[in-house]
Amino acid sequence: MRNGEIRYLCWNKRNGILTKPNLILENGEIRESAEGETTEYVFTHEESTFSVEHIHPNKSRVPHYYFVEVTDKDQKKSTWKMEQLPIPKYLESLS
């Protein structure tokens, strides 16, 4: 955001980005790896910790990967690999 706050919004796959997000996480913290290939965004929501990891290799034409890990109050973890969806053509002029 323009004020420097880190936010994460996500939608169920069946919903479009013009609908209300299914989850909004605010006040994130950024952690970068020493090698510069990984950036992690960490959020606390209710009694869970959400970690969004972006693996961005330094080599060109190497794919970027995104993972979300949720740790609940009992330290049980669930991890998902995310898909980056293309921006719909009707929104391209806004980017």
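Note that the numbering runs from 1 along the sequence shown for the chain. Values below: every heavy atom of this structure, side chains too, minus hydrogens, waters and symmetry copies.
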Which atom names give the shortest non-hydrogen contact between Glu26 and Phe43, and what distance separates them?
O-CD2, 3.6 Å
Can you measure from NZ (Lys73) to OG1 (Thr49) and round to the nearest 0.5 angstrom?
13.5 Å
CG-SG distance between Leu25 and Cys10, expressed to the nearest 0.5 angstrom:
6.5 Å
Checking one residue: Phe67. Which other hydrophobic residues are in its cluster under the side-chain 4.5 Å linking rule?
Ile55, Tyr65
Mind checking the CG-NZ spacing from Leu9 to Lys20? Nearest 0.5 Å is all I need.
11.0 Å
With Ser48, which residues qualify under side-chain contact (heavy atoms from CB on, under 4.5 Å), at least two apart?
Phe50, Val70, Asp72
Provide the full list of side-chain hydrogen bond (donor to acceptor under 3.5 Å, both in side chains) pairs with a residue in residues 28-39, sequence neighbours left out, each pair given once.
Glu29-Arg31, Thr39-His56
Only counting residues at least two apart or in another chain, list the ones meeting side chain to side chain donor-acceptor pair (under 3.5 Å) with His45.
none
Residues in side chain to side chain donor-acceptor pair (under 3.5 Å) contact with Ser51, at least two apart in sequence or another chain:
Glu40
For Asn22, the side chain to side chain donor-acceptor pair (under 3.5 Å) test, sequence neighbours excluded, returns Asn15
Shortest non-hydrogen separation from Glu5 to Asn27 and the atoms involved:
OE2-N, 3.3 Å
For Glu69, what residues pass the side chain to side chain donor-acceptor pair (under 3.5 Å) criterion, not counting sequence neighbours?
Thr79
Spell out, yes or no, whether Ile30 and Val68 are grouped together once hydrophobic residues are joined by side-chain heavy atoms under 4.5 Å, including indirect joins.
yes
